[in-house]
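Here the structure comes first, spelled out in structure tokens, and everything after it is commentary.
Small disclaimer: the values here were computed from a predicted structure and weren't measured. In listed order, ligands and their atoms are each counted from 1.
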Amino acid sequence: MNTTFSCVGCGKCCNDHHVPLTLAEARMWAADGGQVIVLVEAFLANGLGLPTQQREHAERRSVVVRSGACQAHVAITFAAYNVGPCRNLDEDNLCRIYERRPLVCRIYPMEINPHIPLNPAIKECPPESWEAGPDLIIGGELVDQQLTELIQRSRQADRDEIQTKEAICALLGIRTTALKGDGFTAYLPDMNAFATVIDQVSTQSQIKSSSDWLFHVSGEDIARQVQAAGAQVATDTPVSYGFISLRAA
Ligand code: SF4
Ligand code: SF4
């Protein structure tokens, strides 16, 4: 299938989208006075929580940690916390930091997950943006080399930075994850502490954290599966995080 695309500058993708950030971008977001949301999910070494067709992608962007008697693979996203319009969107729907906007802002509406094909129907871009403009995809292949390179950079940062992000979480006391596919745990760290910890970890030559992770799950049935695998389940009412359930109601 072929797709043409031309951004019409409607600004919709700059509203209510938590934009995933690289570590440097997250540090920049903090320096600018913005809020970062930390989203955490994990699967177990026995495969619980790991969808079969995304195995390699999920493994590459995760780090092995302990939970109780077993190993888990935790994936951590630092994202710009955008509820309503992004703090950088001006009255004319223009980006105030256009020249240094995050990678993911440059990639939209393309996906950064290679297992998710572009589906214009679920994107914010209005119909006219898909009706004219240069070719974006020909025969299922992305034709824009610059965009291809940006997507590669974003995926590479995901892989290169996961260990550092895990160490940052340890220093911030972020130790409860959701089970992949069941939901996410979401944290809104104090941004002064967040910036301090990023700077602290950046100066360390060896990054290592060893404390255990707990799982927050959506119900008793999943809790039993997680515990049967030897992992630890959180039992306290969450105070420092929220749980975003992906389970059908
Ligand atoms: S940083 Fe700029 S491009 Fe990215 S969401 Fe905010 S306003 Fe939009
Ligand atoms: S939603 Fe699409 S068309 Fe509108 S500004 Fe974002 S990328 Fe451009």
Side-chain angles (χ1 to χ4, degrees), residues 1-39 61 75-138 140-158 160-161 165 168 184 186-192 194-195 198 242 244:
M1 190 192 101
N2 298 344
T3 306
T4 58
F5 177 73
S6 181
C7 173
V8 295
C10 68
K12 284 193 185 145
C13 59
C14 304
N15 280 270
D16 294 313
H17 278 244
H18 299 327
V19 176
L21 303 170
T22 65
L23 215 43
E25 289 167 352
R27 183 65 184 86
M28 178 188 81
W29 208 261
D32 286 350
Q35 176 67 53
V36 166
I37 184 169
V38 179
L39 299 163
R61 63 187 300 271
I76 299 160
T77 302
F78 292 166
Y81 183 60
N82 284 345
V83 176
C86 171
R87 65 195 309 279
N88 295 313
L89 193 66
D90 75 10
E91 307 70 37
D92 300 318
N93 282 334
L94 297 173
C95 177
R96 289 191 192 91
I97 60 160
Y98 189 79
E99 293 304 324
R100 59 183 179 96
R101 69 198 188 286
L103 263 181
V104 166
C105 300
R106 297 163 195 257
I107 291 168
Y108 195 88
M110 289 301 296
E111 302 287 350
I112 46 176
N113 182 336
H115 298 279
I116 304 179
L118 174 66
N119 179 359
I122 60 163
K123 292 292 170 179
E124 300 281 9
C125 312
E128 59 269 29
S129 61
W130 305 103
E131 284 161 7
D135 289 325
L136 183 66
I137 294 172
I138 298 181
E141 293 291 325
L142 180 60
V143 291
D144 184 329
Q145 281 311 306
Q146 210 179 0
L147 199 47
T148 305
E149 197 257 330
L150 291 174
I151 293 170
Q152 290 298 345
R153 266 173 55 197
S154 171
R155 286 181 197 158
Q156 194 61 46
D158 245 14
D160 293 346
E161 296 176 349
K165 287 196 273 187
I168 290 166
F184 294 91
Y187 296 79
L188 292 173
D190 172 85
M191 290 309 290
N192 288 328
F194 183 80
I198 289 189
I244 301 169

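Annotation: atom 8 (Fe) of ligand 1 to nearest protein heavy atom, C14 SG, 2.4 Å. With hydrogens left out, the protein atom closest to atom 2 (Fe) of ligand 1 is C95 SG, 2.4 Å, a heavy atom. Shortest contact from atom 3 (S) of ligand 2 to any protein heavy atom: V8 N, 3.5 Å. The protein non-hydrogen atom at the shortest distance from atom 4 (Fe) of ligand 2 is C10 SG, 2.3 Å.
Around atom CD of E149, more than 12 heavy atoms belonging to other residues, nucleotides or ligands sit under 6.0 Å away.
Checking C7 against atom 4 (Fe) of ligand 2, every N/O/S atom stays at or beyond the 2.8 Å cut-off. Within the 2.8 Å limit, C13 places no N, O or S atom next to atom 8 (Fe) of ligand 2. Residue C125 counts as close to atom 2 (Fe) of ligand 2, with an N, O or S atom under 2.8 Å.
Contact atoms of ligand 2 toward G11: 4 (Fe), 5 (S) (distance under 4.0 Å to a heavy atom of the residue). Remark: ligand 1 atoms within the under-4.0 Å shell around heavy atoms of C86 are 1 (S), 5 (S), 6 (Fe), 7 (S). Below 4.0 Å from some heavy atom of Y108 lie the following atoms of ligand 2, by number and element: 7 (S).
With a 4.0 Å heavy-atom cut-off, ligand 1 is reached by the side chain of P102 but not by its N, CA, C or O.
Judged by distance alone, the side chain of E161 and the main-chain N or O of L23 form a donor-acceptor pair under 3.5 Å. Panel note: side chain D92, backbone L94; no donor-acceptor pair is recorded below 3.5 Å. Formation of a donor-acceptor pair under 3.5 Å by the R106 side chain with backbone atoms of R101 is found in this model.
Side-chain atoms of I168 and V38, non-hydrogen and from C-beta on, never get closer than 4.5 Å to each other.
The heavy-atom pair separating P134 from S6 by the smallest distance is CD-CB, 4.4 Å. Nearest heavy-atom pair across L21 and A80 is CD1-N, 3.5 Å.
Partner D32 forms a side-chain hydrogen bond (donor to acceptor under 3.5 Å, both in side chains) with one of R96, R100, R87, R27 and no other, that one being R100.
Heavy-atom proximity to atom 7 (S) of ligand 1, evaluated over N93, L89, N15, is greatest for L89.
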